[in-house]
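Note on naming: letters A, B, ... go to the chains in the order of the sequence lines (proteins, then strands), and numbering restarts at 1 for each one. Atom set for the values below is all heavy atoms of this structure, side chains included, hydrogens, waters and symmetry mates excluded.
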There are 2 protein chains.
Amino acid sequence: MTHSRDELLKQLRVRGARLTIQRRLVLDILLDGNDHLSVQDIQAQVTQRGADLTETTVYRILQWLKNLGFVSQTDLGQRGVVYELIGSPRHHHLICLNCGGVIEVGDGLFEELRDHVRRDYDFEPRIDHMAIFGLCQDCGNQNISGE
Amino acid sequence: MTHSRDELLKQLRVRGARLTIQRRLVLDILLDGNDHLSVQDIQAQVTQRGADLTETTVYRILQWLKNLGFVSQTDLGQRGVVYELIGSPRHHHLICLNCGGVIEVGDGLFEELRDHVRRDYDFEPRIDHMAIFGLCQDCGNQNISGE
DNA sequence: TTCCTAATTGCGAATTATTCTCAACTGCGA
DNA sequence: TCGCAGTTGAGAATAATTCGCAATTAGGAA
């Protein structure tokens with residue numbers, strides 16, 4: 001997986017995809033956005049660049065890129081669903097169920113799990129951008145009431 | 001964590017929760033349902049038992065039990081969101097992005113990860129019922145077009 | 001270069017899942 | 001038994017995502 005725009009476009013062309021201006025635009029936005037982007041973030045970027053895509057189209061392009069394995073889609077809980085180009089370095093998140101805090105973690109955490117799944121189940125996991133929920137240090141000791 | 005109805009009720013009482021008939025009903029349904037239950041599954045069970053809860057209430061009760069750590073909520077992708085009482089034995093799922101097939105796996109897979117997260121990040125992960133997406137053996141070799 | 005066609009997009013409505021508001025009700029402690 | 005904070009019901013509201021179909025267009029063929 002690469003992060004270079006030209007490489008990306010080339011790879012997509014090879015797969016017989018039509019490189020419409022809409023797709024190029026979303027790709028560029030994903031390439032420029034170093035952070036995770038929500039659909040609304042992408043829409044905002046589209047507007048900022050003087051363009052105009054329907055939400056439907058944005059969803060369709062993201063779905064397409066996701067199916068091809070070029071972008072990851074992650075549900076961060078409260079913070080909604082975010083998308084990002086898959087590329088090194090992979091990272092993941094620990095999200096506190098109580099305070100909502102987010103800890104970013106490296107990919108090393110998942111290497112063993114990945115190998116294990118491959119070896120034992122003949123299954124190729126796509127652990128590209130995982131969210132693990134739980135309680136952070138501070139919240140771990142409190143009593144949670146359920147409300 | 002236990003699966004016994006009386007133990008569960010007792011633990012909830014201790015926490016100062018009101019044990020309404022609605023909450024009892026949902027708990028009983030979760031206790032009886034050995035499989036994962038969607039909100040609709042639960043609604044169906046409610047009806048089957050001659051009762052009648054609003055969807056709102058079902059959502060609220062599930063949310064409450066989830067916050068207390070008594071039920072897990074898992075997004076199985078195409079198959080929607082499912083809930084189940086947390087109890088031994090824990091299990092998880094590998095879900096094929098292509099064919100939708102589901103492989104059930106034991107909890108051992110996650111022990112190392114759990115320890116790692118606890119040790120390195122002082123974070124108590126709630127990996128109760130995880131869904132890992134990827135490609136199963138059969139689908140792994142096919143070319144995916146993105147459509 | 002122009003044409004052709006299947007792939008893609010736009011538009012607006014539909015769907016699905018979930019949450020909100022607020023009045024009515026009720027479990028349970030005093 | 002009483003009182004009230006906590007809980008539920010009802011139905012609307014919101015948010016996120018998908019659908020259907022007509023119009024448009026990328027990119028290969030001529």
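- In this structure, CD of B:Gln63 is placed 13 Å from P of D:dT8, rounded to the nearest angstrom.
- Close to D:dG6, at under 4.0 Å from its OP1 or OP2, lies no side-chain N or O of B:Thr20.
- Computed from coordinates, the A:Trp64 CH2 to C:dT8 C1' distance equals 11 Å when rounded to whole Å.
- Side-chain atoms of B:Arg114 come within 3.5 Å of backbone atoms of B:Ile127 as a donor-acceptor pair (strictly under, hydrogens ignored).
- Centroid-to-centroid, the aromatic rings of B:His36 and B:Tyr83 stay 6.0 Å apart or farther.
- Between the CG atom of B:Asp41 and the C1' atom of C:dA17 there is a distance of 15 Å, given to the nearest Å.
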Short heteroatom pairs, N/O only, protein and nucleotides 28-30 of chain D, under 3.5 Å:
none

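- Contact check, A:Arg23 against C:dT8: a side-chain N or O comes under 4.0 Å of OP1 or OP2.
- If you take CD of A:Gln73 and C1' of D:dA16, they are 11 Å apart, rounded to a whole angstrom.
- Across the protein-nucleic acid pair, A:Asp75 atom CG and D:dA15 atom C1' stand 13 Å apart, rounded to whole Å.
- For C:dG10, one of the phosphate oxygens OP1 or OP2 lies less than 4.0 angstrom from a side-chain nitrogen or oxygen of A:Gln22.
- Nucleotide D:dT8 holds its C1' atom 15 Å from the CG atom of B:Leu62, rounded to whole Å.
- Protein atom CG of B:Leu76 is 15 Å distant from nucleotide atom C1' of C:dA17, rounded to whole Å.
- Taking the six-membered ring where the residue is Trp, B:His92 and B:His129 present tilted rings, their angle falling between 30° and 60°.
- Contacts with DNA chain C (heavy atom under 4.0 Å) in residues 48-61 of chain A: A:Asp52, A:Leu53, A:Thr54, A:Thr56, A:Thr57, A:Arg60, A:Ile61, listed by number.
- Counting non-hydrogen atoms under 4.0 angstrom, B:Leu19 reaches the backbone sugars and phosphates but no base.
- Nearest-nucleotide positions on DNA chain C place B:Val81 closer to the 5' end than the other of B:Arg24 and B:Val81.
- C:dA7 atom P lies 15 Å from atom CG of A:Leu68, rounded to whole Å.
- For the pair A:Arg18 and B:Ile21, both in contact range of DNA chain D, the more 5′-proximal nearest nucleotide belongs to B:Ile21.
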